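I have placed the structure first, in the form of structure tokens, so that the comments after it can refer back to it.
Computed from heavy atoms alone, side chains included, the values below leave out hydrogens, waters and symmetry copies. Given the structure is predicted, the values throughout are model-derived calculations rather than measurements.
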Amino acid sequence: MIELSRFDSFIAGLNTFVANKGALARLDTPIRIIFSYLDKASDTASRTGQMMMHIHKFYRESAVLRIEQAVIALRRSERLD
């Protein structure tokens, strides 16, 4: 009866399945840690990119302000002459 049920092959297949799942389970934590570091790196890159955009905007606005101040100074000097 046991031979007809192929219980031994079922047990062997079950053992193989559990062994494979065990190997995957050992990789689960390191993979989650790697994903966590990748998420942090992505967030940092995003914040850095946003910060750089603000810095460029500040420099552009500063340059425009300096040009406007130079134009005003030039007009004043022309009026005084």
Could I get the full list of side-chain hydrogen bond (donor to acceptor under 3.5 Å, both in side chains) partners for Arg32, not counting sequence neighbours? Asp28
Mind checking side-chain hydrogen bond (donor to acceptor under 3.5 Å, both in side chains) for Asp43 and listing every partner two or more places apart, or none if nothing turns up? none
Side chains of [X] and [Y]: closer than 4.5 Å at any heavy-atom pair?
| X | Y | value |
| --- | --- | --- |
| Arg47 | Thr44 | yes |
| Ser62 | Leu65 | no |
| Lys57 | Met53 | no |

Quick one: side-chain contact (heavy atoms from CB on, under 4.5 Å) partners of [X], sequence neighbours excluded?
| X | result |
| --- | --- |
| Ile34 | Leu38 |
| His54 | none |
| Lys40 | Ser36 |
| Arg26 | Ala23 |

Between Ser77 and Leu74, what is the shortest heavy-atom contact and its length? OG-O, 2.8 Å
Rounded to the nearest 0.5 Å, how far does CZ of Phe10 lie from CG of Leu14? 5.0 Å
Keeping to residues at least two apart or across chains, list the salt bridge (charged side-chain N to carboxylate O under 4.0 Å, His left out) pairs with something in residues 10-19. none
Hydrophobic cluster partners of Phe58 (side-chain heavy atoms under 4.5 Å): Met51, Met52, Ile55, Tyr59
Linking Ile, Leu, Val, Met, Phe, Trp and Tyr through side-chain heavy atoms less than 4.5 Å apart, which residues share a cluster with Tyr37? Ile33
